Amino acid sequence: MNANEIIRKKRDGGELTRPELQYVIDGYVKGTIPDYQTAAFLMATYFRGMTDAETSEFTRLMLHSGDVVDLSHIAGIKVDKHSTGGVGDKISLPLAPIVAACGVPVPMISGRGLGHTGGTLDKLESIPGFKTSLSIDEYKEVIAEIGVVMIGQTQEIAPADKKMYSLRDVTSTVECIPLIAGSIMSKKLAEGIDALVLDVKTGRGAFMQSYERAEVLATALVRIGNSFGKETIAFITRMDEPLGYAVGNWLEVVESVDCLRGKHIPDIMELTYVLGGAMVMLGGKAADLREGIERCKEVVASGAAYEKFRALVKRQGGDVAFLDHPETYPRSKHEVEITARRAGFIGSVDSLELGFAGIMIGAGRTKVDDVIDPKAGILLRKKAGDSVVLGETVATVYADNDAALVPAAERVARAFSYADTAPEFGPLVISRVDGDGVQPFHL
Ligand code: URA
């Protein structure tokens, strides 16, 4: 067997066998197959896809490229959530402590920003001192003590995905259903969960821009999760404009803390409660989704969820004083106001443009080793459907980088479209996918 032949077979639309997939994955992890051949394999897969059988094998091999953590000594049904990625998608930050405060253990292994989308790890690391690189032993200790843990992929957890994820990010091979399915499910199946909730995004700022492709991805993810004996539910949700008002790592932490302290930001809280309610239900602490949502609302109202987040941040080395007093955090050198070009209504706020503007000012990466500026970001002052008068501020851009400031601000301005009448929107949570298939979502 050699890599060249396997790449050619995939390029020409062939179905790879288990030994062929294993040859590529093992070779890449060990370094005997170089980046350039793996990149060619990824691009061939991007164009040719994989059959269901290949996708399952690919996931299994990625999973077993490392260890599978055993959390059976921890009481309770362990449940995690994963999002396919969006702009302003900070949901994991309020969600994990809310669900843990309901008594369901949440072991969470997250990723960094990918393409134009942000990553939970980068957001957590914007909290001074917060350590996301715990060993597996520490990971087990934190979940046992606090009931929630949030770390990055270690060398032991799906190392094939750890390496391939970065390569896909810089070779434009992210938006590919079997590669996404293998990447997400190998990490999630390795972390010691019993059940999983997935947020599959669709729309302008999502990797799956069309609803149809999001449904194919959600169905593949649910099929793989259930076939590994982990009850899996996916929700397909709209990602046309950013979630909430903040885009950028520290700005998103502050917004998440506001939500945990009871501020009602409608889209963030609607999605957090649906995903959280499903996790609490799968974790056996509620009879159905409605009851799960009620439990989540109670722990926010009582302050238990915010206390859980503080305990987690403290345990993982973060300085909780910045959570309690975000005004003490360092400020960006520049703050530029973006103003409305005309009066009327905001028609849409393009999350893809905002994601790219964020990268320009250092809130995300274009290369694996780019350094993030945790303060950099965009704060929306208006969202789609809001009325505006000419010259009113619609967003503020925060940045240190002098050279990127003007082009990024222009990009943010272009992200806003205007309308004479208030636009109509579809639901935020569009459908639910589980072992019984796809259903339109309603409570
Ligand atoms: N999230 C992942 O973990 N992997 C992908 O490929 C895309 C989103």
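Just so you know, ligand 1 is whichever comes first in the structure, and atom 1 is the first atom listed for that ligand. What you are looking at is a predicted structure, and each value in this text was computed from that prediction instead of being measured.
Within a 6.0 Å sphere centred on NZ of Lys285, heavy atoms belonging to other residues, nucleotides or ligands number 12 at most.
At a cut-off of 3.5 Å, with distance as the only test, a side-chain donor of Glu15 or Thr51 sits close to an acceptor on the other residue.
Of the possible polar contacts, none joining the Glu231 side chain to the Leu196 backbone as a donor-acceptor pair under 3.5 Å is found. Of the possible polar contacts, none joining the Asp67 side chain to the Glu156 backbone as a donor-acceptor pair under 3.5 Å is found.
Looking at Thr84 against ligand 1, only its backbone comes within 4.0 Å, counting heavy atoms.
Shown in contact with Arg168 at under 4.0 Å from a heavy atom are these atoms of ligand 1, numbered in order with element: 5 (C), 6 (O).
Between Phe58 and Phe41, the two ring planes are tilted [angle within 30° to 60°]. Below 30°, between 30° and 60°, or above 60°: for Phe441 and Phe235 the angle between ring planes is above 60°, a perpendicular geometry.
Annotation: atom 3 (O) of ligand 1 to nearest protein heavy atom, Lys187 NZ, 2.7 Å. Nearest non-hydrogen protein atom to atom 7 (C) of ligand 1 is Leu114 CD2, 3.7 Å. Nearest protein heavy-atom contact of atom 1 (N) of ligand 1 is His82 NE2, 3.5 Å. In terms of protein heavy-atom proximity, atom 4 (N) of ligand 1 is nearest to Ser183 OG, 2.7 Å.
Look at Ile184 and you'll find a heavy atom under 4.0 Å from some atom of ligand 1.
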